[in-house]
Amino acid sequence: MSDKFREYKQLDLSQINKDVLKSWEEEDTFHKSISTREGNPTFVFYEGPPSANGMPGIHHVMARAIKDTFCRYKTMKGFRVHRKAGWDTHGLPVELSVEKSLGITKEDIGSKITVEEYNAACRREVMKYTKEWEQLTRQMGYWVNMDNPYITYDNRYIESVWWLLKQLFDKGLLYKGYTIQPYSPAAGTGLSSHELNQPGCYRDVKDTTAVAQFSVIRDEKSEFLYDGVDSPLYFMAWTTTPWTLPSNTALCVGPKITYVKVKSFNPYTGEPMTVILARDLLYSHFDPKNTELDFEDYKAGDKKIPYEVLAEYTGEELTGVNYEQLIGWVKPDGDAFRVITGDFVTTEDGTGIVHIAPTFGADDDRVAKQSGIAPLLVIDKDGKNQPLVDKTGRFFQIEKMDDAFVASNVNTASYAEFSGRFVKNAYDEGLTDDDNTVDVDISVMLKKESKAFKVEKHVHSYPHCWRTDKPVLYYPLDSWFVRTTAVKDKLIALNNTINWKPQSTGVGRFGNWLENLVDWNLSRSRFWGTPLPIWRTEDGTQTKCFGSVEDLYGEIEKAVAAGFMTKNPYEGFVPGEFEDSNYDKIDLHRPYVDDIVLVADNGEKMFREPDLIDVWFDSGAMPYAQNHYPFENKAKYQPEKGRGVFPADFIAEGVDQTRGWFFTLHAIATMIDDSVAFRNIISNGLVLDKNGNKMSKRLGNAVDPFETIEKYGSDPLRWYMLTNSQPWDNLKFDEGGVDEVRRKFFGTLYNTYNFFALYANVDGFCYKEEEIPVEGRPEIDRWVISLLNSLIKEVGESLENYEPTRAGRAISEFVNENLSNWFVRLSRKRYWGGEYDADKISAYQTLYTCLVTVAKLSAPLAPFYSDLLFTDLNKLTGKETDQSVHLAEFPTADESLIDKDLEQKMDIAQRASSMILGLRRKEKLKVRQPLAKIMVPVLNGRFKEQFEAVEGIILSEVNVKEVEYLTDTAGIIKKKIKPNFKTLGPKYGKIMKQIAASVAQFSQADISTLEKSDSFKLTVNDQEVELTTADVEITTEDIPGWLVSSEGELTIALDINISEELKQEGIAREFINKIQNIRKDSNFEVTDRISLKIEKNDFYNQAVSNYKDYISSQTLSADLTLVDSMENGMGQLVEIDQNVEARVFVEKKG
RNA sequence: AGUCCCGUAGCUCAGCUGGUUAGAGCGCUACACUGAUAAUGUAGAGGUCCCCAGUUCAAAUCUGGGCGGGACUACCA
């Protein structure tokens, strides 16, 4: 082992990244960081599984830097941190890329390619970029346990998911229902939103639209509407799909929209009527010019129709009013024909009242369910509910309906004409666009009944099926649901216990989402995913859900015995054995599970429900499935307090996961365990390019994380990302910012270390001396130690509160401003030359302590350099027993070392120094030229005491000999007074302005009266005002006749007269500086001794001889001689003053 | 369309519960320092605190309404 601190020529963070990684691997540091915490309380982190079928991007570094920071922090706080890596492996993107790379479609599975091959291809595809992900994880220093990651396609993972589904099933939270989805009657298939968004699917078509009149039922709920009404009263609603009107069961209004009641005549029949519609849309339906027409003059058939607005109502008021069914073909079962509210209603077109047909619109279905409105359904011969339009796109035929239902609910006389008709002509091969559509016929029917206000053709954009080019219908399709609405209150209550960062995402985005919760649609008609473990008989009366392979296995055996299957496809599997070898024998994916036909308790065949489940369920199940719970690791879920793996203490992902992973985790944990899944959460914002645009490969503005890490190392990248903006704000990623962090923070820290190492090596300091008690150290040491402890407190609190930005910024501020720019700069002289005495040792100990503490504080954020710094320091001193900073304990602040008074004093010193340097600059006085004195006005004793304490620091920093304190009595200080708004404002309120004006008028005498008696009375607006010194701020701003600088309460004057003696000292310092430069240029060692010759010159002869000893000691010269003339070419010319050059010869001695 | 975030110097961001000269870093310009030196310091210029209205003695800060950028969700009679 070397006996010196390592010194560096330059800071290469990229190389350090590699070196430190290597040592982590050699020392197995990551595993040690867990094993050394064995038996301690756990800190549980859940890794949101990424999908490895895409390359990792720079935004992944962001999220993972956050995750890693807190896991490292908690490790240093002594917790045993659980963080298991995982992979999200299911879903449509995988299927699509497999099909693309193999050049096949789903139909080819089983023919062109075997199921086994397809399955294998999916497994390969989904792990395509595993290597890159692992590499990024490693290089960026993200410590997550990759030894045994959870993989969502793994049979054991699926088994846990099945177990969860079974729990939901048993609790009655899993049911089969329907949602409104795009459906192509021509192709006979449902369409995904993905398919609908393909180019060309949305097309402008011309359809018959109708504004229909819904007749209000007069009762106690609607009575208020009848004031002044003498004709039938209607709600007006517009539709572009009149064929949905027979399925209407509600009308929807916007709660905050204003509606008007208008008296007029029906344009088609001329019958008097009163209608209700949105005020904003009045003139779209009634010509403003007609408002002056006389009702008496109107005859049926007139083009110009008079109208009159009778009253206004808000949507809220209209809610609950009942109306008559518009088209009485089929009676719905349940509550219907009522006005409800919906937040999606606008007054952009139509009437501001939306016709609701729950079976044919997603919004319709949603608001109807929320308001308890029944959909309009018919019952078929099998006793199943069906919408009024069947899957081929025609009105449900009467003969296919249940007879009893027809008798009780169907008006066959009026419906017969429409029964079996296609709702779009495109579906009927015998029809063309020229034939009358159902829409037209329904509109004509309404016209005749005075129920149509306006029927017209209208061009609008409508989705079409990409396979058949025919229009799509929104249609209720079977789906399996999780009844999340049943636990809505619990979800909300538990959410309120979660610490969200930022809070707004939790109470706002997530909270609102929970408030408007609908049941979770689990079904996906896909191939590569977790199959629903549900088998049903064909008539749907018998259902079985399986929560383990063992249960399914047993049922298969029964089915084989019953002769439904020839053999058990999972033959050889041993229930209860959890090794890879056993689970490799089976595959729970499609289509293997589809081939399983089971036997129901009544002996009928049971077939699997063909759907897969939402991949979000997979990832939301990870708290359980990652450990194959409850089949294995059960004990970890019922632990003594603080020792388990559930729930998570912390998770972090992008804010885009709010309704994805965050929700599914929360929902599943709530339903299964009545518990939160996570206690603390950071949802981070996006990483944009430096112009604020979204990064995309297409635009070429995506930043490659590997290149960035290679170039700068991970630390500057992580630090930049964590400190540039709060994690939850979007980050405008600018490479220049990473470089700035490298220079400003890491560069300065490195410089500070190198400075330390340089002199510590010269003096042989290796912290073997007794620790000098802090109270025995000089002011500046105590000051920096005080700040250091304040910093420890702040960083600790910030990380405790999941605020990495505050932590990083505080560390950076400390290193740059306080440690480097003040402590080291002021203490430099203490390190070089001189005795190895207590002061010097104190200087080393203090700086060492600061450096090693900064290493520990920054370790969670910048794991690489901090570890190098820590080990470089510790290798020699052996002060710490831990091999790595990541195994060390996080520092705790020693409150007794925090000295706010001292911090204030040093603040004065810093400000005073900078002011004096400013004055010197103004007068073009070099700092090397000593000056005689500064003068400081003293307003109170405390200030004088503080200034005196740092007097020496200021004087040496600005090269001035003494301080003169000016007290009031001298009468040369001019004072300035300013009211203290914070104390006066609440007391005097309205007359504040006048008080401020009066105070501004105070004379010097007034001010001194106030100071002496601590009271001053004035009258403002006939009100007596008494001021005390606490109500004002008194400062000095001028010392007449002197060069003065003033900042806040601090005022300093500088004496710029230079005596002969000062002049000579200045010359001496000038020589020292020049000689030092020569030493350095000649590459002398810091410790080399020299001999010195200076050619005589009357300008400086006296100065050199007077300050001979001073010059010699500073430059380590053994002899200094003034010579008459230098031999030719010897020595070099240096400038001592303007136009004065000296020839100096420097020679290394011995 | 709804929900949420953001809008402060040319750029990236601070600015806590309202209190009177609105800050920092980068960049630019000038100067200084010099045994930390491919470093460092100091200063200058640079602001409609997105706009409008309100509350208040007092608003960058609180309230309401816009505008602009972004995300998510839903897609519309």
Side-chain angles (χ1 to χ4, degrees), chain A residues 10 193 196 209 211 237-241 244 252 343-346 348-357 361-364 366 460 463 502 504-505 507-513 515-516 654-660 685-686 688 690 692-694 720 723-726 728-732 734 736-737 739-740 743-744 747-748 750-756 758-759 805 809 812-813 816-817 820-821 824-825 828 831-833 914 917-918 920-922 924 926-928 978-986 988-996 1048 1073 1076-1077 1079-1080 1084-1086 1114-1115:
Chain A
Q10 59 175 356
S193 58
L196 224 51
T209 67
V211 175
W238 180 58
T239 180
T240 55
T241 51
T244 61
C252 192
D343 51 12
F344 65 95
V345 181
T346 68
E348 271 168 27
D349 47 21
T351 64
I353 301 176
V354 178
H355 135 69
I356 298 294
D363 273 337
D364 306 41
R366 182 169 53 83
H460 66 144
S504 63
T505 300
V507 299
R509 190 186 278 209
F510 195 66
N512 286 328
W513 162 254
E515 292 289 344
N516 297 311
V655 68
D656 52 330
Q657 296 292 337
T658 308
R659 281 149 183 185
L686 298 180
L688 308 168
K690 68 175 185 180
N693 300 312
K694 206 174 172 176
Y720 166 71
T723 61
N724 184 67
S725 58
Q726 300 271 37
W728 36 89
D729 288 336
N730 290 345
L731 173 70
K732 291 180 191 162
D734 183 6
D739 195 46
E740 188 180 322
R743 283 202 327 270
K744 297 269 344 156
T748 306
Y750 151 83
N751 257 327
T752 308
Y753 165 79
N754 241 14
F755 173 88
F756 167 82
L758 177 69
Y759 291 106
T805 309
R809 284 177 179 170
S812 173
E813 158 110 10
N816 280 309
E817 298 306 316
S820 166
N821 189 28
V824 173
R825 197 152 59 86
R828 281 202 318 245
Y831 294 95
W832 78 66
S914 108
L917 291 171
R920 294 188 77 119
R921 182 174 38 257
K922 226 181 274 171
K924 297 209 181 303
K926 289 186 177 178
V927 179
R928 275 195 293 275
K978 211 170 68 177
N980 182 349
F981 285 84
K982 218 165 185 170
T983 61
L984 289 170
Y988 297 106
K990 284 195 197 312
I991 56 168
M992 203 45 229
K993 274 196 176 125
Q994 286 97 314
I995 295 175
N1073 169 240
Q1076 299 287 33
N1077 283 345
R1079 283 183 61 115
K1080 201 174 75 182
F1084 290 1
E1085 288 298 312
V1086 178
Q1114 288 296 309
T1115 60

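So you know, we letter chains A, B, ... as the sequences are listed, proteins then strands, and number each from 1. Note that these values count all heavy atoms, side chains included, but never hydrogens, waters or copies made by symmetry.
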Trainee: Remember a base hit wins even if backbone is also touched, and classify A:N754 as base, sugar-phosphate or nothing at under 4.0 Å, heavy atoms.
Mentor: nothing
Trainee: Could you work out the separation of B:A60 and B:G41 based on their C1' atoms and round it to a whole Å?
Mentor: 31 Å
Trainee: For A:D729 and B:G70, give me the distance from atom CG to atom P, rounded to whole Å.
Mentor: 16 Å
Trainee: Need the pair for B:C31. Rule: Watson-Crick or G-U wobble, both distances under 3.5 Å, any strand; none if unpaired.
Mentor: B:G41
Trainee: Could you pick out which residue, A:T239 or A:R809, lies toward the 5' side of RNA chain B when each is mapped onto its nearest nucleotide?
Mentor: A:R809
Trainee: Mind checking the P distance from B:G10 to B:G46? Whole angstroms is fine.
Mentor: 10 Å
Trainee: Considering residues at least two apart in sequence or located in another chain, which fulfil the ring pair (Phe, Tyr, Trp, His ring centres under 6.0 Å) criterion with A:F755?
Mentor: A:Y759, A:Y831
Trainee: Which heavy-atom pair separates A:A357 from A:T244 by the least distance, and what is that distance?
Mentor: CB-O, 3.8 Å
Trainee: Measure from CD on A:Q726 to P on B:A14 and round the result to the nearest Å.
Mentor: 6 Å
Trainee: Could you tell me which nucleotide pairs with B:C11 by Watson-Crick or G-U wobble geometry, both distances under 3.5 Å, or answer none if nothing does?
Mentor: B:G25
Trainee: For the C1' atoms, the ones on B:U55 and on B:G65, what distance do you get once it is rounded to whole angstrom?
Mentor: 15 Å
Trainee: Quick test: give all pairs of protein nitrogen or oxygen and nucleotides 7-12 of chain B nitrogen or oxygen below 3.5 Å, distance rounded to 0.1 Å.
Mentor:
from: B:U12; atom 1: OP1; to: A:K732; atom 2: NZ; distance (Å): 3.3
from: B:U12; atom 1: O2'; to: A:N724; atom 2: OD1; distance (Å): 2.4
from: B:U12; atom 1: O2'; to: A:N724; atom 2: ND2; distance (Å): 2.9

Trainee: Using both distances under 3.5 Å as the test, list the Watson-Crick or G-U wobble partner of B:G19, or none.
Mentor: B:C57
Trainee: What integer number of Å spans the P atoms of B:A53 and B:A59?
Mentor: 13 Å
Trainee: If I take atom CG in residue A:L984 and atom P in nucleotide B:U56, what distance separates them, rounded to the nearest angstrom?
Mentor: 20 Å
Trainee: Roughly, in whole Å, what's the span from CG in A:N816 to P in B:G41?
Mentor: 8 Å
Trainee: Return the pairing partner of B:A1 with a 3.5 Å limit on both distances, Watson-Crick or G-U wobble; otherwise return none.
Mentor: B:U73
Trainee: What distance do A:S725 atom OG and A:N730 atom CG have between them, rounded to the nearest 0.5 Å?
Mentor: 8.0 Å
Trainee: Tell which nucleotide pairs with B:G47, taking only Watson-Crick or G-U wobble pairs whose two distances are both under 3.5 angstrom.
Mentor: none
Trainee: Which part of the nucleic acid, if any, lies within reach of A:G737 when heavy atoms closer than 4.0 Å are counted: base, sugar-phosphate only, or nothing?
Mentor: nothing
Trainee: Can you tell me, in whole Å, how much space there is between the C1' of B:A58 and that of B:A22?
Mentor: 16 Å
Trainee: Between A:T241 and A:V824, name the one whose nearest nucleotide on RNA chain B is closer to the 5' end.
Mentor: A:V824
Trainee: Can a side chain N or O of A:R828 be found less than 4.0 Å away from OP1 or OP2 on B:A36?
Mentor: yes
Trainee: Could you give the CD-to-P distance, from A:E740 to B:C26, as a whole number of Å?
Mentor: 6 Å
Trainee: If you only use heavy atoms from C-beta on, which nucleotide in B:A36, B:G27, B:G19 is closest to the side chain of A:R743?
Mentor: B:G27
Trainee: Take atom CG of A:N980 and atom P of B:G19, then tell me their distance rounded to the nearest Å.
Mentor: 12 Å
Trainee: How is A:S820 classified with respect to the nucleic acid when contacts are heavy atoms under 4.0 Å: base, sugar-phosphate, or nothing?
Mentor: base
Trainee: Look through every strand shown and name the nucleotide pairing with B:G68 as Watson-Crick or G-U wobble, where both distances are under 3.5 Å.
Mentor: B:C6
Trainee: Does OP1 or OP2 of B:C5 have a side-chain N or O of A:S504 closer than 4.0 Å?
Mentor: yes
Trainee: Return the value, rounded to whole Å, for the distance between atom CG of A:L686 and atom P of B:C4.
Mentor: 18 Å
Trainee: Looking only at atom C1', what distance separates B:C16 and B:C62, rounded to whole Å?
Mentor: 15 Å
Trainee: Please state the P separation for the pair B:U48 and B:G23 - nearest whole angstrom.
Mentor: 16 Å
Trainee: Which of these nucleotides, B:A71, B:A36, B:G27, is closest to any side-chain atom of A:Y759?
Mentor: B:A36
Trainee: I'd like to know if the side chain of A:R809 reaches the main chain of A:N724, judged simply by a donor and an acceptor atom lying under 3.5 Å from each other, with no hydrogens or angles considered.
Mentor: yes
Trainee: Would you kindly give the CD-to-C1' distance between A:Q1076 and B:U37, to the nearest whole Å?
Mentor: 14 Å
Trainee: Please identify each residue that fulfils ring pair (Phe, Tyr, Trp, His ring centres under 6.0 Å) with A:Y720, with sequence neighbours left out.
Mentor: A:F733
Trainee: Between B:C4 and B:A9, how far apart are the P atoms? Round to whole Å, please.
Mentor: 26 Å
Trainee: Please pick, from B:C4, B:G25, B:G27, the nucleotide with the shortest atom-to-atom distance to any side-chain atom of A:K744.
Mentor: B:G25
